[in-house]
Structure formats: structure tokens, C-alpha cells
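One structure is given below, encoded as C-alpha cells.
So you know, we letter chains A, B, ... as the sequences are listed, proteins then strands, and number each from 1. All values reported here derive from a predicted model rather than from experimental measurement.
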Amino acid sequence: MGMSVNLPGDEFSMPGLAYLKSVYSVVLLVVVWEVVAQLGLVYYAFLPPFSDVLVRLVSLSLSGELVFHAFVTLRRAFAGLLLAIAVGTLVGLLMGRSRSARWFFEPLVNFGYPIPKISLIPVFILWFGIGDLAKVLLVATDCVFPIVVNTYRGAESVDEKLVWSAEMMGSSRRRRFRRVILPAALPDVLTGIQIALPISLIVTFVFEMISGGVGLGSLEIQGVREFEPTIVFATLIAIMVIGLVLDRALRVLRGRLLGWE
Amino acid sequence: MAAGDAIRSTRPGGRLGRVTAALVQWLPLGIVAVLWEALSRFLVGGDLLPPVSQVVVNATDLLLQGEVLGHLSVSLFRVAIGLSASIVGGVLLGIGMAQFRAVEDFFDVLLTMTYAVPKTALVPLAILWLGVGTGTAVLVIFLGTLVPIVVNTYNGASSVDEKLRWSAEMLGTSDRRRLRKVVLPATYPAIFTGVQQAIPFSFIVLISAEMVASRRGMGNLILSYGQLGNYDQMFAVIFLFSLVAFATVGVFNRLRSSVLAWE
Amino acid sequence: MDVETSLDAGTVDVDDLTMTFDSGDDGTTAIEDLSLDVESGEFVSIVGASGCGKSTLLYLIAGFLTPTEGTIRVDGDPVLGSGPDRGVVFQEYALFPWRTVLENVTYGLEEQGVPKDERREQAMRYIRMMGLEGAEDLYPKELSGGMKQRVALARTLVIDPKILLMDEPFGALDQPLRESLQDHLLDIWREVEKTVIFVTHQVEEAAYLSERVIVLGGSPGTVLDEIEVDIDRTKDRSDVVTADAYNETRRRIRDTMHAEADY
């Protein structure tokens with residue numbers, strides 16, 4: 001750690017070699033896990049040996065099942081996220097630059113934010129069935145809030161002097177918006193997306209666990225229902241890897257887009 | 001025309017002015033409520049979306065009947081336990097990591113991995129370990145809220161102004177007392193921030209756990225009503241729970257200014 | 001006295017200017033009944049203590065703010081909003097962080113529809129003039145304060161404004177750097193022959209740079225004094241600061257400001 005922190009999870013993005021030094025705790029844990037399980041010190045249902053989990057992970061991967069379920073889940077999560085980005089950045093930008101927009105949306109956002117949108121799962125099932133649509137829409141509903149809040153913050157806190165400079169150099173209101181407000185707000189917009197990404201996955205997983213069908217969430221709960229703990233652990237590991245990869249990808253994207261930051 | 005125009009504000013004075021201002025501020029919610037009412041009465045069937053008025057009436061009924069309070073207290077109990085455990089554990093871990101390199105090295109990657117897992121994915125695992133019920137809910141809440149608290153505490157503890165610590169050292173405070181008297185109080189704001197972030201998250205995880213693996217609690221109640229087709233009650237319970245969540249977050253945010261009055 | 005108004009350097013006429021923010025019982029009047037004139041090609045400083053309204057005055061002339069009362073005319077035409085005829089340099093540089101040095105300087109030219117190659121050529125001319133050749137592809141975050149201010153100056157000069165408005169442009173820099181930039185600014189001024197209105201709270205700076213110093217003060221702010229400074233600025237700095245005119249001016253500004261402060 002010890003890096004200057006700006007974003008959620010910034011503390012966790014150490015450069016490569018430093019990473020290795022701390023991996024020993026994980027290795028230790030895995031070794032203890034394996035030993036404890038193999039010695040029969042715990043119920044199989046509680047903690048199957050790591051090796052068994054690995055075997056299951058490999059078989060799921062080879063059979064293509066894992067990829068299939070992952071694809072379904074990610075498709076739902078991303079669709080919802082993209083929808084939230086489209087709506088959220090628009091609302092956030094409006095709120096940031098228009099007083100009436102801010103007046104209208106602010107209480108709505110303030111009221112909606114603390115409510116756990118996950119409690120709306122049965123409502124969305126009622127309205128949209130148990131297919132993809134309900135999931136995508138709920139993801140969008142939950143993700144839109146952090147995106148709106150952060151976009152609003154970014155649009156509203158643009159240094160006035162930058163806008164004045166552009167005006168002085170001849171930019172009309174519309175051009176000022178496109179050439180100054182948007183780029184200046186971009187860092188905060190990306191922050192909002194970085195916060196929304198894990199939310200999209202969280203919501204998708206729960207929905208899948210409840211409504212069944214396909215997807216990583218369904219797969220995992222299937223492992224519980226069928227008394228196959230290795231499936232649960234294997235899926236969990238896959239989920240963790242996906243989470244890490246996505247987070248890292250978003251960071252790299254941020255670095256590319258905001259090299260000037 | 002000119003950017004940065006001077007803002008002419010007309011502020012009616014006195015209490016009437018304040019009430020008016022408050023009304024204006026919350027008017028959009030009123031507009032939404034009216035739209036909702038109209039939508040459900042004239043466009044969509046009352047089954048799909050009960051009118052606001054009906055939801056409120058049902059909610060009040062449920063409260064008066066009392067059964068829902070039982071579920072509510074179960075849910076709140078679970079949040080309280082899970083959150084308390086993660087605050088204690090999280091603060092200890094966060095400060096430990098900030099103060100001792102060895103601790104940091106050990107837990108760093110583990111926390112990274114935990115951070116990468118969307119916490120609801122831990123529900124099936126918790127079911128494996130603790131079955132259906134309160135244990136699972138508490139465990140998932142604990143694990144889910146641990147990370148924001150650790151992270152915020154760590155940041156707070158590691159950025160305690162050097163000069164503060166030097167002053168304490170100069171004034172003769174020993175290492176351990178320095179921890180208690182300087183580092184800890186200076187970290188309170190960060191810890192509080194961590195808790196503020198954790199609370200809404202705990203509700204999310206609570207509902208998830210209760211919908212998947214519980215026979216009691218608000219989450220389970222909502223799901224059951226939905227599955228039984230009892231939509232009126234379902235909306236009413238969701239409404240109640242939303243109020244509770246909103247109130248809890250609001251109370252806590254307001255608490256900040258009194259607990260950390262010196263900030 | 002010039003009968004012809006140079007097209008390149010504008011005149012400024014301020015008449016009975018009053019600026020009040022937030023009308024109503026708790027409005028603040030920053031400036032009241034302020035009048036001044038600036039001739040074509042003149043270098044005028046506006047000095048005053050912090051909060052005396054000098055920046056407000058500058059922003060009014062620039063067109064960012066609209067006066068409550070009074071008129072501002074540039075070359076006889078009333079000021080309506082801001083534009084490239086009145087270039088502004090801010091104390092905080094206000095460079096676009098997502099644009100390189102070159103891109104910052106070409107911003108105004110892009111607005112004017114100048115084709116790409118010509119833009120680059122014109123921009124590089126001013127970048128060279130500022131001694132920043134080689135840095136044109138750097139981002140503002142990679143620049144020192146002095147470099148950033150020079151970029152801001154280049155950016156404003158390249159659009160060929162009639163008047164250059166500068167709001168304490170060297171305030172954030174340390175003394176040696178400030179002095180070298182002051183000399184640089186004088187060289188540039190002699191070369192481009194623009195009208196310059198230079199706001200500062202530093203008495204020495206005003207006396208060193210300008211042909212005329214306008215002292216602002218009071219609450220609300222108004223013109224306390226106008227001083228003609230007759231120094232041969234082609235000489236070295238060490239010669240200028242020992243000249244009688246320079247020290248007389250300094251003393252006079254100080255006295256005016258102190259007289260206003262003690263009551």
C-alpha cells in the first residue's frame with residue numbers, strides 16, 4: 001500500500017513485484033486449507049480440499065460451462081451498466097450546469113441512494129419477468145446513482161476560470177460545454193463508473209441466485225442445492241478473478257484516457 | 001451572456017421563508033408521488049403498481065398489525081451485529097496495517113482479493129458454512145462491510161499528520177499511549193467515513209442474504225409476498241424498509257457533526 | 001495626444017461603475033462610483049489591498065461580470081460579455097490540463113477557424129517568444145509555475161487582443177522568477193504594443209512596470225489616487241529601482257494605501 005489514494009481500491013493496485021512479496025499470505029492460507037481438508041479435520045461440505053476445487057475449476061472451464069455462465073452474467077451486468085452510464089452521465093451533467101435540473105433531481109437522488117435497490121428484485125420480476133430484461137434494468141437502476149452523483153460533482157466543480165478563459169477566447173456556451181466542461185468532468189465520471197462496476201456484478205449475482213436459470217450466481221447457488229461444495233468454491237474463485245481483471249482493465253482505461261491527470 | 005453573473009437572491013425572511021424553502025426543495029419528490037399516483041390509477045393496473053396512497057395505507061396497517069415489526073427487528077439485529085463486528089475487526093486491522101509493516105504485508109493481498117469479490121457472491125459460501133438463517137446474514141454483512149472500514153481506517157491512520165505525532169512525542173507520550181491518544185482520535189473522522197460507507201452497503205448485503213437464505217427478515221418477507229402474489233403487501237414492506245434505510249443513513253450522517261464536532 | 005485610435009491597442013472608458021453582489025439586505029457593494037480611463041497602448045497598474053475590488057474591476061472590464069450601474073466602453077463600444085478583444089491572464093494560470101502546451105495556445109485560434117498548419121505556426125511563434133520552445137508537447141502537470149504562466153500569456157497573446165487584462169499573474173511565483181517575468185513582460189509589451197491593465201497588490205511591481213498607477217481602496221472600492229510614473233524602463237532593473245521617480249511612486253502609493261487603512 002502506501003500509495004496516494006484517490007479512488008476506491010487504489011490502495012490495492014500495487015505494481016507487479018511488490019505484489020509478489022505479499023502473496024505469501026495467500027499461499028500460506030491455501031497450504032493450510034489443503035492440509036486441514038485432507039486431514040479430514042473439517043466436513044467436506046464445509047471445506048473441500050483446495051485440490052478438489054481446482055479440479056472442479058478446470059473441468060468447468062474445459063467443458064465450457066464456466067465461460068458460458070460467465071458470459072451470461074457479464075452480458076447482463078454490462079448492458080445494465082451501459083444503460084446506467086448513458087442515463088446517469090446525462091442527468092449528472094444536466095444537474096451540474098442547470099439550476100432547475102439540479103433542483104429537480106437532487107431530492108430524487110438523495111432519497112433513492114440509501115434505499116437498497118436489491119429489495120426491488122421481486123418488483124422487477126413482477127414487471128419484467130424472470131429473463132434478462134429484469135436483471136439489466138435493475139442493474140441500471142442501481143448503477144445510475146453513483147454515476148449521477150459523481151458526474152454531477154465533476155460537472156459542477158469545473159474551475160470557473162477555465163470556463164472564463166474559454167469564453168474569453170471566443171467559445172460559445174455550447175462549445176464551452178463540449179470543449180471544457182466535458183473533459184474537465186471526465187475524471188469524476190470515470191470514478192462514478194469505477195464505483196458502479198462492482199455494483200453491477202453484485203446485483204446480477206443476487207438476481208441470478210433468486211431467479212435461477214443460468215449465470216454465475218445461479219451456478220454458485222446450484223452448488224449449494226446439489227450439495228456440491230466444489231462448485232461453490234470454484235465459481236467463487238472464477239468470480240474473484242473476473243472481478244480483479246475488470247477492475248484492473250478499468251484502471252488501465254483510466255490511465256489511457258486521463259494521462260494528463 | 002456573461003458567465004459568473006452576480007446571483008440576485010431574494011430570500012423571504014423568517015420562519016415562513018424557511019418552510020417555503022423546504023417545501024420548494026422537496027417538491028420534486030411530491031411531483032414524482034403525484035405522477036406515481038396518476039400512473040397507477042389511470043394507466044397501469046393497481047396490481048402492477050399500487051397507488052402511493054394505497055401503499056402508505058397498507059404500510060401503516062402492517063405496522064399496526066405488528067407482525068412486520070418482528071421481521072424488521074430481526075433484520076436490524078443482523079445488521080447491528082454484523083456491522084459491529086466489522087467495525088471492531090476493521091478498525092483493528094486498519095490501524096494494525098498502518099502501524100506495522102508485517103501486518104500490512106500479510107493482509108494486503110487478502111484484502112485485494114476480498115475487494116475483488118462482489119460480496120453477494122459470498123452468500124452461497126456462507127450457506128455452506130452456517131446454513132439458512134441469522135448466522136449467514138451476519139457473516140455476509142461482516143465480510144461485506146469489512147473492506148470499506150479497513151480501507152478508510154488505514155488511510156486515516158497512515159496519514160495522521162506527522163507533526164501531531166512529533167508533538168506528542170516531544171510532550172513525553174510513550175509509543176503505546178501515543179497510539180491511543182493521538183493516532184486513534186485523529187483517525188476517528190476516517191473511521192466514521194468508513195462506517196458511513198458501510199451502512200448502506202450492509203443493507204444491500206442484508207437483503208441479498210435474506211432473500212436467498214433466510215426464513216425471516218425484511219428481505220425474506222418481500223420475496224415471500226412477491227412469490228405469493230401478495231403485491232400490495234410487498235410494495236408496502238418495500239416502502240417501510242426504504243424509509244428505515246433512508247432514516248438510518250440520514251441519522252448517521254447527522255451524527256457525524258455532533259460526534260466529530262471539532263472537525 | 002493621439003488622435004488616431006490604434007486598431008491593435010484598445011482604449012477603456014469606465015464611468016461611474018458600481019458593482020453590488022446579492023442585492024437585498026445582505027448585499028455587498030464591491031465597487032462604487034468608480035471612473036477611470038485607459039489610453040491606447042498604455043501600461044496601467046491597478047493597485048490596492050486585498051479585497052478592495054481590483055479583481056472585480058478587471059472581471060467587469062473583461063465582461064465576465066455585469067455591472068450593477070455605470071458603463072464600461074472599449075474603443076467606444078459598450079462591453080457586453082467577454083471576448084478575444086480583451087485577453088485575460090489569471091493568477092492561477094487556468095490552463096486546460098487535458099491539453100498540451102501547444103494545444104492550450106492554439107485554443108483561441110481553433111475558435112477563430114484558423115487552419116491547422118497556420119495555427120501551429122502562430123502558436124509556435126509565441127511559444128518561442130516565451131522561451132518555451134521544446135515544451136510544446138508537455139502537459140500542464142509537467143510544468144513549473146513560471147512555465148505555466150508563460151503558456152497562459154502565450155495563449156492570450158496569440159489571439160491578438162486589443163487589451164491585455166492581467167489579474168496578479170505573478171502572485172503565485174517566488175521573487176526571482178517574478179522579477180524575470182516582469183522584465184519579460186515589459187519586453188513583450190514593447191514589441192506587441194497592446195494596452196495592458198495589470199492588477200496587483202504589490203506596490204513595487206506596480207511602480208516598476210507601469211506608466212500610470214491607479215490606487216484603489218475604500219469599502220466599497222473606488223479610485224483613491226492616480227500616479228503618472230515617469231521612468232526610463234529601457235534601463236536595467238538595478239537602475240530603475242534606484243531612480244527617484246520609482247521610489248517617489250512607491251512612497252506615494254504606500255501613503256495613499258496607509259492613509260486609507262488608518263481610520
Side-chain angles (χ1 to χ4, degrees), chain A residues 1-2 5 8-9 11-12 14 19 21-26 29 45-46 103-108 111 113-123 125-127 160 163-164 167 176 198-199 201-203 205-206 209-210 216-217 220-221 223-224 229 232-233 235-236 239-241 243-244 247, chain B residues 2-4 24-29 31-32 48-49 97 104-113 115-125 127-129 148 151 154-155 158 199-200 203-204 206-208 211-212 218-219 222-223 225-227 231 234-235 238 241-242 245-246 248-250:
Chain A
M1 291 198 178
V5 180
E11 316 75 19
F12 300 131
M14 297 179 295
Y19 227 31
K21 175 177 58 133
S22 311
V23 162
Y24 82 91
S25 55
V26 178
L29 219 65
F46 187 90
W103 165 80
F104 184 72
F105 286 109
E106 194 158 26
L108 301 182
F111 191 71
Y113 215 142
I115 301 175
K117 267 67 80 192
I118 282 192
S119 59
L120 297 171
I121 287 182
V123 175
I125 292 179
L126 171 65
W127 289 345
E160 195 72 51
V163 181
W164 280 1
E167 187 187 343
R176 291 202 297 270
I199 293 177
L201 292 173
I202 286 174
V203 173
F205 286 143
V206 181
M209 285 178 209
I210 292 173
L216 289 171
E220 217 192 328
I221 207 73
V224 174
V232 177
F233 279 91
T235 316
L236 203 49
I239 288 172
M240 184 180 70
V241 169
L244 281 170
D247 180 71
Chain B
V24 169
Q25 193 186 358
W26 292 101
L27 191 56
L29 279 177
I31 295 176
V32 170
L48 278 184
L49 182 67
M97 288 176 78
E104 182 184 330
D105 285 346
F106 187 81
F107 284 103
D108 214 337
V109 178
L110 288 175
L111 277 174
T112 311
M113 297 196 318
Y115 168 75
V117 176
K119 303 307 171 296
T120 50
L122 296 172
V123 172
L125 186 64
I127 299 175
L128 274 187
W129 289 348
V151 165
Y154 173 81
N155 287 335
S158 50
I199 287 179
F203 285 127
I204 294 174
L206 169 79
I207 295 288
S208 307
M211 280 187 176
V212 178
M218 295 299 262
I222 295 170
L223 191 65
Y225 278 144
Q227 284 167 339
Y231 301 127
M234 178 182 78
F235 277 101
I238 293 176
F241 188 72
S242 304
F246 182 72
T248 312
V249 172

Contacts of Ala121(B) that satisfy side chain to side chain contact (heavy atoms under 4.5 Å, CB included) - sequence neighbours left out: Phe205(A), Glu220(A), Leu236(A), Ile239(A), Val117(B)

message: Pair Phe111(A), Val32(B) - check side-chain contact (heavy atoms from CB on, under 4.5 Å), show working.
response: CA-CA 12 Å; Phe111(A) 191 71; Val32(B) 170; over 6 Å; no

- prompt: What residues, two or more places apart in sequence or in another chain, satisfy ring-ring contact (aromatic ring centres under 6.0 Å, His included) together with Phe203(B)?
  reply: Phe241(B)

message: Determine whether a donor-acceptor pair (N or O, by modelled atom type, separation under 3.5 Å) exists between the side chain of Thr120(B) and the backbone of Ile202(A).
response: yes

query: Within a strict 4.5 Å, meaning less than it, do heavy atoms of the Thr112(B) and Leu244(A) side chains meet?
result: yes

field: Trp103(A) side chain to Leu27(B) backbone, donor-acceptor under 3.5 Å
entry: no

- prompt: Do the rings of Tyr24(A) and Phe106(B) sit parallel, tilted or perpendicular, given the 30° and 60° boundaries?
  reply: perpendicular

task: Let me know if Leu29(A) has heavy atoms under 4.5 Å from chain B in its side chain, its backbone, both or neither.
output: side chain

side-chain contact (heavy atoms from CB on, under 4.5 Å) assessment of Val206(A) paired with Ile204(B): CA-CA 10 Å; Val206(A) 181; Ile204(B) 294 174; over 6 Å; no

Atom of Met211(B), atom of Ile118(A) and distance for their closest heavy-atom approach: CE-O, 3.6 Å

message: Are Ile222(B) and Ile121(A) packed together at the side-chain level, in the sense that at least one heavy-atom pair is separated by less than 4.5 angstrom?
response: no

- line: In short, Phe46(A) meets Trp129(B) closest at the heavy-atom pair O-NE1, 2.7 Å

